[in-house]
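Just passing along the structure, written as structure tokens.
Chain A is the first sequence line, chain B the second, and so forth, proteins listed ahead of strands; every chain is numbered from 1.
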Amino acid sequence: MIDKEWLPEGVERCSFGKFMVWIGFLGVFVLLGVYASYVVWSTGLITTGLNNYFAFGLWIVFDLAVIALGAGAFFSGFLTYILRIDQLKNIINLAVIVGFVCYSGAMIILTLEVGQPLRAWFGYWHPNVHSMLTEVIFCITCYLIVLIIEFIPIILENRKLNKIRFLHHLAHNFHVYMPLFAGIGTFLSFFHQGSLGGMYGVLFSQPFAYREHFFIWPWTFFLFIASAIASGPAFTMLVATMMEKITGRKLVDFKTKALLGKIAGSLLCFYLFFKILDTWYWATDTLPKMGLTFSQLYNEVYGTWLLWFELGLCGVIPAIMLIVPKFRNQPGLLYLGAFLACVGVVVNRFVFTVQTLAHPVMPFDTWTVYVPAWTEWMTCIEVTAYCILIISLSYRYLPVFPQERKLNS
Amino acid sequence: MAIYKLKEFKIKWGMVIDLDKCTGCGACMISCQAENNMAPMPDATDKLYSMTWMLVYRLSNGKPFPDHDIAYLPRPCVQCGNPNCVPVCPVIATTKDEEGGIVSQISPRCIGCRYCMAACPYRARYFNWHDPVWPQGMEKTLTPFTSTRPRGVVEKCHYCHHRFKAAKEKARYDGRDPNKLDEDDYTTACAQNCPTGAITFGDLMNPEHKVAKLAKSPYAFRLLERLGTDPQLYYMSKREWVRRQGDNYLEHEPTKGV
Ligand code: SF4
Ligand code: SF4
């Protein structure tokens, strides 16, 4: 193996050639996505499925979904470094990497979705303090910086790099300050996850999204936080499991995974309690005040099935699977539960984005249906491939899983 | 209902559109496009990408012939008193200001995030999907007082703001108070060119202006009033079914007006 020197000590990795084939395979999708991005930047958003009705579409759904799933990073960081749940140290490195790829991936998509990418910095220069989006812009930028700071010591732990004295000490110092960054990250993340929800809740003229508020924050502010911290840890656990399946090696002990499942399950219960309450209040109070009935907000395409799918199949059922020890302790059910919880949060972000805009607010207007174009699909696939690429490189060259050696000996 | 209450203005430019007079001829749409330098669309039939700050909707009472009845509803930006588009814009590219309560749009600052489009329930905001291209010779028709907008920004009706500025300037030149414009000093292109006179324009706060009186008519209503957007655009119709289509009425709710 050419790169033997660079691999973590005492672990087995596939041959360099095989790894290169895998990287090449991912690279193809990245390149196709780069081409799609070029098309979008050079010809404009007319090449997407967005239109006068759908200002937001697949990209926003993708952004919100990966940001929610990436919440495993800050929340696991919070549990590990601040609440000092030591067992999570077994997975915290992966959580940080997943968080990093999710957030940087969202940033890549963001450069595509603004109509004037070269003016994107106006967000920092002319901020509107009333806009939830401003809060999001500032928080995710700062949080991405925090994630980079958290990722750096993992990179410095690379066998070869760590031999350099300066880098060795630097990594150590970073570790010492990690609880501080975990704290900052937690604060920032709470705010931007909330603001992403707030972005919809403050749309007082969009009946599907509008929610009553507490002080300046609509309920969606809190619900988005709750759903993100419920699904984030579940997603991190799933990524670890998927890596185990692909590499054929044990990376994290089942006890840690089950613990993450338990955390996700409890938070999911907490979230669902309030989400169901919120939906009920919205349907019986908010909507009639706006002159609408619950059934008017759904049609044949965007039907109530989405709601049952989100809150039932991908809400209550995984919550039960994850919270009841008998189910959670069976690997198959644990993974299925975690998977459904993640799908649930994606559906939630989808309905808030697409259904909000599909529903005609003026009585004489009509329902519209959104179909993403190839450019949107391709760039989302590109970012997914980019995420897998970074995770693959990290797995190969960095000591991501502290338990790996013991579990495979 | 709204979270951010914006301040009241001494002058509030507004419109009253009589839907019983509107024939749906589209003169307002065309005047608006010409006045505000809108480039011809590559495919103007594609309504999903067309640019029409003023759009005429066709309303129907849904009854079969001979009881069938239709109405046409021209819709510019309704210049919400409490606009949802303003507080959401991350870069203050759209504001509700002292200019007679007109919701302005600052194209050079807009980053094209389209959050304001998502916020506007009237679908009054349009994104520039195409690079504006005027076929040879047509550039000469451009209005010199309105800036053209590039691809990738959001734009919308602003009650022909350049005409407002010109009217104020003229008043100043004539030695009159620019803050006390007469009704005829300033009007929008759509109101000026409506052949049936369905559109009346003026200051809603000035009792001497026709709009102020018409807005108080028992037949007057505003679009989606109960959402709390507080539009500065009023509609009028003696037909109850038309008024009912102005807002989402639940079946048992009585119609506003007579
Ligand atoms: S599209 Fe432009 S005007 Fe609209 S919210 Fe974004 S930056 Fe503001
Ligand atoms: S009608 Fe739409 S664009 Fe105009 S002020 Fe209201 S929310 Fe803004």
Side-chain angles (χ1 to χ4, degrees), chain A residues 43-46 50-56 60 110 113-123 125-128 130-137 199-207 209-210 212-213 216-218 286 288-293 296 353 356-357 360-365 368, chain B residues 1-4 46-51 57-60 73 75 80 82-84 86-93 108-123 125-131 150-154 223-224 226-229 244-250 253:
Chain A
T43 27
L45 297 182
I46 187 76
L50 302 170
N51 55 43
N52 287 342
Y53 285 87
F54 289 98
F56 295 164
I60 296 280
L110 279 175
E113 70 201 347
V114 288
Q116 290 277 339
L118 296 179
R119 292 183 191 169
W121 57 278
F122 285 13
W125 201 249
H126 307 286
N128 173 12
H130 296 294
S131 174
M132 288 278 167
L133 189 52
T134 302
E135 210 168 294
V136 172
I137 294 173
M199 264 182 75
Y200 292 100
V202 296
L203 298 181
F204 65 81
S205 46
Q206 292 294 355
Y210 175 70
E212 301 287 332
H213 44 272
I216 62 160
W217 295 292
T286 313
K289 267 198 246 156
M290 293 176 144
L292 293 161
T293 55
Q296 274 174 292
T353 305
T356 297
L357 300 175
V361 187
M362 288 182 287
F364 46 83
D365 213 350
T368 36
Chain B
M1 193 158 275
I3 295 177
Y4 311 98
D46 191 346
K47 297 294 173 239
L48 288 176
Y49 299 102
S50 57
M51 172 78 69
Y57 283 91
R58 184 177 182 274
L59 276 46
S60 157
L73 181 136
R75 188 248 45 215
C80 303
N82 182 32
N84 201 178
V86 168
V88 300
C89 175
V91 294
I92 326 182
R109 192 185 282 179
C110 171
I111 59 173
C113 68
R114 305 179 304 286
Y115 189 14
C116 56
M117 283 174 78
C120 174
Y122 305 103
R123 305 206 199 268
R125 295 185 155 258
Y126 291 88
F127 185 69
N128 263 290
W129 301 101
H130 302 280
D131 282 310
R151 182 181 89 198
V153 300
V154 165
L223 269 189
L224 302 175
R226 72 173 95 204
L227 292 185
T229 53
R244 278 191 87 79
Q245 294 210 13
D247 206 341
N248 290 296
Y249 282 90
L250 292 169
E253 286 175 335

Part of A/Thr43 lying under 4.5 Å from any heavy atom of chain B: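 It is the backbone, since no side chain atom gets that close.
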B/Arg244: salt bridge (charged side-chain N to carboxylate O under 4.0 Å, His left out) partners, not counting sequence neighbours: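 None.
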Nearest heavy-atom neighbours spanning A/Ser131 and B/Cys89: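 In terms of heavy atoms, the two residues are closest at CB-O, 3.6 Å.
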Proximal component of A/Leu118, with respect to chain B [non-hydrogen, under 4.5 Å]: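 Neither part; nothing is under 4.5 Å.
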A/Phe56 to B/Ala118 - nearest heavy-atom pair and separation: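 That would be CE1-CB, 4.0 Å.
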Interface residue of largest heavy-atom contact number with chain A, from B/His130, B/Gln245, B/Arg109, under 4.5 Å: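 Going by pairs under 4.5 Å, I would pick B/Arg109.
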Distance (rounded to the nearest 0.5 Å) between B/Met117 CE and A/Tyr53 OH: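 Output value for this atom pair is 11.0 Å.
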Part of B/Leu48 lying under 4.5 Å from any heavy atom of chain A: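 The answer is both parts of B/Leu48.
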Pick from B/Gly112, B/Cys113, B/Pro150, B/Pro121 with the largest number of heavy-atom pairs that fall under 4.5 Å of chain A: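 Among the listed options, the one with the most contacts to chain A is B/Pro121.
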Contact origin within B/Tyr115 toward chain A - heavy atom pairs under 4.5 Å: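 Both parts, backbone and side chain.
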Nearest non-hydrogen partners of A/Pro360 and B/Arg123, listed with the distance: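 Nearest heavy atoms, A/Pro360 then B/Arg123: CA-NH2, 3.8 Å.
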Contacting moiety of B/Cys80, where chain A heavy atoms sit under 4.5 Å: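 Looking at B/Cys80, nothing touches chain A.
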Under 3.5 Å donor-acceptor, B/Arg114 side chain and A/Glu113 backbone: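 Yes; at least one donor-acceptor contact below 3.5 Å.
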Verdict with supporting geometry, B/Leu227 and A/Met290, side chain to side chain contact (heavy atoms under 4.5 Å, CB included): CA-CA 6 Å; B/Leu227 292 185; A/Met290 293 176 144; 3.9 Å; yes
A/Ile137, part contacting chain B, at a heavy-atom distance under 4.5 Å: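 Looking at A/Ile137, just its side chain touches chain B.
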Steps toward side chain to side chain contact (heavy atoms under 4.5 Å, CB included) verdict (A/Phe204, B/Asn82): CA-CA 10 Å; A/Phe204 65 81; B/Asn82 182 32; 3.7 Å; yes
Side chain to side chain, A/Leu133 and B/Val88, heavy atoms closer than 4.5 Å: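 Contact flag for A/Leu133/B/Val88 side chains = no.
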Closest-packed option against chain A by number of heavy-atom pairs under 4.5 Å, given B/Tyr122, B/Tyr57, B/Tyr249: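 Heavy-atom pairs under 4.5 Å are most numerous for B/Tyr57.
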Chain A contact via B/Ile92 - side chain, backbone, both or neither, heavy atoms under 4.5 Å: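 B/Ile92 touches chain A through backbone and side-chain heavy atoms alike.
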Flag for B/Trp129-A/Asn52: side-chain donor and acceptor within less than 3.5 Å: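 Distance-only check passes for A/Asn52 and B/Trp129.
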Top contributor to chain A interface from B/Val153, B/Asp46, B/Asn128 [non-hydrogen pairs under 4.5 Å]: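 Highest number of heavy-atom pairs under 4.5 Å: B/Val153.
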Considering all heavy atoms, the nearest B/Leu59-A/Phe364 contact: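 Heavy atoms of B/Leu59 and A/Phe364 come nearest at CD1-CG, 3.6 Å.
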Those residues that, when tested against B/Asp131, pass salt bridge (charged side-chain N to carboxylate O under 4.0 Å, His left out) (two or more places apart):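 B/Asp131 satisfies salt bridge (charged side-chain N to carboxylate O under 4.0 Å, His left out) with B/Arg151 once adjacent residues are dropped.
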Chi angles and distances behind the side chain to side chain contact (heavy atoms under 4.5 Å, CB included) call for B/Leu224, A/Ser205: CA-CA 9 Å; B/Leu224 302 175; A/Ser205 46; over 6 Å; no
Main-chain N/O of A/Leu292 paired with B/Asn248 side-chain donor or acceptor, under 3.5 Å: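 Judged by distance alone, no pair lies under 3.5 Å.
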Shortest non-hydrogen contact between A/Val202 and B/Asn84, atoms and distance: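 Shortest heavy-atom separation between A/Val202 and B/Asn84 comes out as O-ND2, 3.5 Å.
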